[in-house]
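Read through the structure below, which is laid out as structure tokens, and then see the notes.
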Amino acid sequence: MRQFHLSSDDLATRADNEEAALILQGLNPAQQEAVQATDGPVMIIAGPGSGKTRTLTHRIAYLLATGKARAYQILALTFTNKAAREMKERVHKLVEGDAAKGMWMGTFHATFARLLRRDGEHIGFTSDFSIYDTDDTERLLRSLMERYNVDKKQFSPRSIRGLISSAKNQMVSPEAYTKIAATQAQEKAALLYRPYQQALRRANALDFDDLLLKPIELFEKEPEILNKYQQRWSYIHIDEYQDTNHAQYILAKQLAARHKNICVVGDDAQSIYAFRGADIGNILSFQRDYPGATVVRLEQNYRSTKKILRLADSIIKNNKDQLEKELWTENRDGDHVVLMEALSEKDEAQKAERMIRDLRARGGYSYRDFAVLYRTNAQSRSLEEALRRGGIPYRVIGGVSFYQRKEIKDALAYLRLLVNPNDVASLRRVINYPTRGIGLKTQETIFEYARREGIGPWQAIEQVEQMGLPRRAQNAVVSFRFLIAKHASKAASHGADEVARGLIQETGILQELRKENTPEGLMRWENVQELINAIAEFTTNAGEEGTLSAFLQEVSLLTDADAETDDPNRVTLMTLHASKGLEFPAVFIAGLEEGLFPLAMATQDPKELEEERRLFYVGATRAQEYLYLAHARSRYRYGEQMACIPSRFLDEIDPDVVRTEAGTSYQTRSDRFQASSGDTFSYDRVDPHYYRKSLRSSPKKRRNTAPKRSAPAPGERRVVYDEGAAEIVPGIRVEHPIFGEGKVISMEGRGEQTKAVVFFGGDIGQKKLMLRFAKLRRID
DNA sequence: AATAACTTTCTTTTT
DNA sequence: GAAAGTTATT
């Protein structure tokens with residue numbers, strides 16, 4: 001028996017009250033069913049544009065309106081902070097008064113950081129722990145690699161970090177990982193895994209993975225605490241369930257074990273975060289994990305035109321293994337999806353710019369109605385340039401967000417050090433910035449001393465007089481110590497923003513930036529001021545919980561996508577990943593080329609290729625009315641111009657809903673060559689001569705000579721490589737005496753300089769080879 | 001110890 | 001073509 005906090009009388013009068021009826025209004029029958037299925041586990045399988053999040057929002061409002069749950073009993077986990085904020089706002093609109101106050105709604109990471117702030121001490125974390133992002137953890141690993149003599153050239157800190165992270169994601173302990181480590185890189189990761197964890201602990205710091213793992217550990221160690229939260233959250237909601245990883249899955253399971261009122265929403269076809277440990281199996285096995293679960297399918301799409309939906313369907317049906325869904329829409333047929341071929345990335349960007357201008361004039365759209373999507377952040381540059389030239393206002397999501405900027409990270413590091421003196425990563429970051437005469441040598445002495453004495457680096461700094469440093473160096477350290485200590489003691493009695501302002505003022509960061517005397521320097525200066533404002537705002541708004549350390553923790557979990565722009569009427573530029581959950585009347589997807597989308601690395605592994613395809617599916621289904629797909633014949637990558645061939649995904653789409661720019665129908669290659677049949681590797685057999693014919697040759701500018709000139713105007717002849725001698729062309733498979741079999745991604749240079757970029761399987765990856773030296777043999 | 005000049009490597013996607 | 005790592009110079 002479940003207990004409600006209301007008497008049965010209350011329930012009787014409220015069950016079918018006006019408010020609840022209103023909440024159900026405007027939902028389709030399937031959505032209503034999902035909203036009303038409030039007892040026991042529920043899984044909502046939903047396609048794009050079917051009102052997933054809306055359904056979840058209404059369900060929460062319904063729980064409140066019918067009195068089944070009080071706000072504090074509801075936990076809702078979303079994928080981004082922004083999604084949580086929007087959901088909260090909508091719930092507040094749907095229910096009257098303060099009924100929705102006190103709900104816990106946020107990302108997994110933010111939610112469990114908050115939980116650890118309250119109860120982390122049970123597993124040895126004080127509430128002022130630092131949260132280390134990718135940058136901080138990489139820095140930490142870098143110094144560990146030095147100490148353990150791991151060659152940084154051979155194994156990049158980034159790849160080691162990735163391996164450790166995925167081990168943590170799957171909840172594999174250091175000991176267990178040592179046993180299963182197979183490759184050389186994995187062995188190195190196994191070696192560093194434990195020291196890495198110890199370093200984090202010593203620094204009273206948690207990385208993103210720890211934010212999920214530590215609560216699990218806490219719940220296992222202290223059943224009382226688990227019990228408290230199980231009791232409290234009688235209704236649990238998880239959005240984007242297909243993108244949860246193993247740790248998140250366990251957390252949900254732990255918390256839902258008591259009431260089993262867990263409601264998850266997801267679309268397996270939109271799972272695009274496997275690289276981060278997301279386990280698509282979580283959603284596929286929900287019914288097994290929660291027997292008797294109600295399963296609701298939301299298959300009606302309210303977002304896109306019939307043609308766009310049909311295109312999306314033709315993309316996704318190339319993947320195997322999916323939950324069955326039949327998407328349909330009552331929306332109009334709509335215009336054809338337009339396929340654009342550009343000569344270069346500049347040309348492509350111009351086409352996007354022209355499309356936006358035309359459609360705005362012709363269809364009366366505003367700038368905010370457009371999105372330009374791409375696979376990698378690096379692609380934004382050319383697009384930005386074209387939009388800027390065309391006078392079109394835009395915003396770029398991702399890339400460097402406010403809190404990722406160097407000047408902000410520097411200022412934050414000072415503040416983190418204030419709150420948590422054990423935070424080595426922050427200490428290292430600011431100990432000599434701005435330069436104050438504490439060079440590498442001195443730093444080494446300090447850290448070495450700390451290690452020898454078995455004390456924290458900050459304690460070592462407190463004993464700096466014992467180290468026998470040169471007088472100059474010692475004085476520098478002493479004054480740095482004084483700076484931090486002075487403001488730390490102030491923190492006890494003054495407001496967070498006042499302390500922050502004082503410290504930043506005295507660090508000399510601001511003077512450093514002003515000294516630059518450049519517009520960029522000025523902007524950075526303003527950013528730091530902006531940060532201080534943000535702290536002031538946070539402390540006044542968050543009340544009791546508005547401490548400096550809470551601010552610092554929340555800030556490390558913010559992404560650029562969460563930010564609100566002052567002027568929202570802009571074209572949005574972002575990666576396909578960042579576009580998840582959003583919709584726009586017109587969408588332009590750029591860079592549909594082999595090696596870029598799908599990325600070269602993904603083409604070897606069918607699983608990864610399927611994820612790329614899902615990513616294409618996600619991108620295409622962001623569009624409401626107009627969808628443009630573009631590919632360029634050549635593109636600058638790795639700082640060099642390379643010839644590109646159209647993406648295999650373009651061969652897979654339904655040609656009936658696509659037109660070229662000229663309005664003619666689009667012929668996929670799949671009917672020109674044997675290919676097709678859904679076999680992922682059939683593409684490799686495509687006739688290479690087709691590409692040869694599509695490439696034109698002209699002299700390529702020599703590397704490292706002549707200063708950069710702007711690229712030739714569109715229409716001018718484009719460079720590629722000397723095809724005369726080339727047996728080897730993009731798209732074919734080759735064999736290398738050492739590396740084995742691989743696939744040619746692109747070609748560059750000419751004559752003696754001709755090079756091929758070849759992707760080999762296994763640990764080898766992508767290689768650039770001079771044809772003159774490398775004995776490449778074509779495999780047909 | 002700090003800076004300037006040069007060389008190499010590398011780019012998925014992100015909470 | 002940027003960022004990080006290396007070497008040379010002050």
Side-chain angles (χ1 to χ4, degrees), chain A residues 77-84 106-113 131-135 137-139 142 152-154 156-159 161-162 165 168-169 206-212 240 243-245 247-248 271-278 373-382 397-401 403-404 406 432-443 470 472-473 476 554 556-562 574-580 591 595-603 608 611-612 614-616 618-619 635-641 703-704 708 757 765-768:
Chain A
L77 298 164
T78 56
F79 196 75
T80 60
N81 290 297
K82 190 180 165 201
T107 62
F108 269 92
H109 291 86
T111 300
F112 290 101
I131 297 175
Y132 280 7
D133 63 11
T134 321
D135 216 56
T137 53
E138 245 175 69
R139 234 167 245 262
R142 209 170 278 270
K152 278 185 286 188
K153 285 241 172 73
Q154 204 180 349
S156 72
R158 176 173 302 184
S159 67
R161 193 197 62 82
S165 173
K168 290 175 80 169
N169 272 326
L206 301 168
D207 65 11
F208 285 148
D209 304 316
D210 283 338
L211 286 175
L212 307 173
E240 310 280 13
D243 284 316
T244 52
N245 66 23
Q248 290 166 327
S271 161
I272 53 174
Y273 281 97
F275 71 91
R276 210 173 68 187
L373 310 180
Y374 36 79
R375 179 66 241 262
T376 64
N377 281 309
Q379 286 167 260
S380 75
R381 175 190 302 268
S382 53
I397 290 182
V400 250
S401 77
Y403 289 103
Q404 297 286 88
K406 188 185 169 296
N432 200 30
Y433 178 83
T435 50
R436 51 170 70 85
I438 309 178
L440 288 176
K441 193 98 186 190
T442 311
Q443 289 178 40
R472 262 229 318 241
E554 293 204 3
S556 36
L557 296 170
L558 286 182
T559 57
D560 202 38
D562 300 324
M574 64 190 148
T575 62
L576 289 142
H577 282 91
S579 75
K580 161 159 152 155
L596 182 61
F597 191 25
L599 276 167
M601 288 155 186
T603 56
E608 286 182 49
E611 177 147 319
E612 296 279 309
R614 288 194 295 269
L615 193 55
F616 185 29
V618 166
R635 175 180 302 275
Y636 269 95
R637 282 184 84 189
Y638 294 92
E640 269 177 308
Q641 195 173 33
R703 228 192 144 186
N704 295 340
K708 262 188 300 182
V757 178
Q766 195 165 305
K767 294 264 181 223
K768 193 184 282 186

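Convention: sequence-line order gives letters A, B, ...; per-chain numbering from 1. The shown structure was predicted, so the numbers you read here are calculated from the model rather than taken from an experiment.
- For the pair A/A274 and A/E611, the tightest heavy-atom approach, listed with the atom from each and the gap, is CB-OE1, 2.8 Å.
- When each of A/L599 and A/R436 is assigned the nucleotide of DNA chain B bearing its nearest heavy atom, the one mapping closer to the 5' terminus is A/R436.
- The nucleotide whose nearest atom lies closest to any side-chain atom of A/R142 is, among B/dT15, B/dT13, C/dG5, C/dG5.
- Remark: P of B/dT15 and CD1 of A/I272 are 11 Å apart, rounded to the nearest angstrom.
- Counting to the nearest Å, the P atom of B/dT9 and the CZ atom of A/R637 are 19 Å from each other.
- The aromatic ring of A/F275 stacks onto the base of B/dT13, its centre lying under 5.5 Å from the centre of the six-membered base ring with the two planes under 30° apart.
- Nearest nucleotide to the A/T107 side chain, out of B/dT12, B/dT15, B/dA1: B/dT15.
- Looking at the side chain of A/N432, the nearest of the listed nucleotides B/dA2, B/dA1, B/dT13 is B/dA2.
- A/K168 has a carboxylate O that lies under 4.0 Å from a charged side-chain N of A/D207, or vice versa, which qualifies the two as a salt bridge.
- The side chain of A/T575 places an N or O atom within less than 4.0 Å of a non-bridging phosphate oxygen (OP1 or OP2) of B/dT14.
- Closest non-hydrogen pair, A/L373 versus A/T575, comes out as CD2-O, 4.4 Å.
- The partner of B/dT12, taking Watson-Crick or G-U wobble pairs whose two distances both stay under 3.5 Å, does not exist in any strand shown.
- Between A/E138 atom CD and C/dG5 atom P the separation is 10 Å, expressed in whole Å.
- For B/dA5, the paired nucleotide is C/dT6, the pair qualifying as Watson-Crick or G-U wobble because both relevant distances are below 3.5 Å.
- Between A/R381 and C/dA2, a side-chain N or O to OP1/OP2 separation shorter than 4.0 Å is present.
- Proximity note for A/T435 (side chain, C-beta onward) versus B/dT13, B/dT3, B/dT15: the nearest is B/dT3.
- Counting any heavy atom pair closer than 4.0 Å across all strands shown, A/Y273 reaches sugar-phosphate atoms only and no base atom.
- Across the protein-nucleic acid pair, A/N377 atom CG and C/dA3 atom P stand 13 Å apart, rounded to whole Å.
- If you check B/dT12, B/dT15, B/dA1 against the side chain of A/E612, the one that comes closest is B/dT12.
- Atom CZ of A/R614 is separated from atom C1' of B/dT13 by 13 Å (rounded to the nearest Å).
- As a whole-Å value, the separation of A/E640 CD from B/dC10 P is 15 Å.
- At a threshold of 4.0 angstrom between heavy atoms, the contacts of A/L557 with the nucleic acid are absent.
- With distances taken from any side-chain atom of A/T442 to the nucleotides B/dT14, B/dA1, B/dT12, the minimum falls on B/dA1.
- Rounding to whole angstrom units, CG of residue A/D210 and P of B/dT15 are separated by 18 Å.
- B/dT13 sits 15 Å from C/dA4 when the P atoms are compared, rounded to a whole Å.
- Side chain of A/N432 to backbone of A/I438: a donor-acceptor contact under 3.5 angstrom is found.
- Judged by distance alone, the side chain of A/N81 and the main-chain N or O of A/L557 form a donor-acceptor pair under 3.5 Å.
- Distance alone, capped at 3.5 Å, places no donor-acceptor pair between the A/Q248 side chain and the A/L212 backbone.
- What separates NE2 of A/H109 from C1' of B/dT14 is a distance of 10 Å, to the nearest Å.
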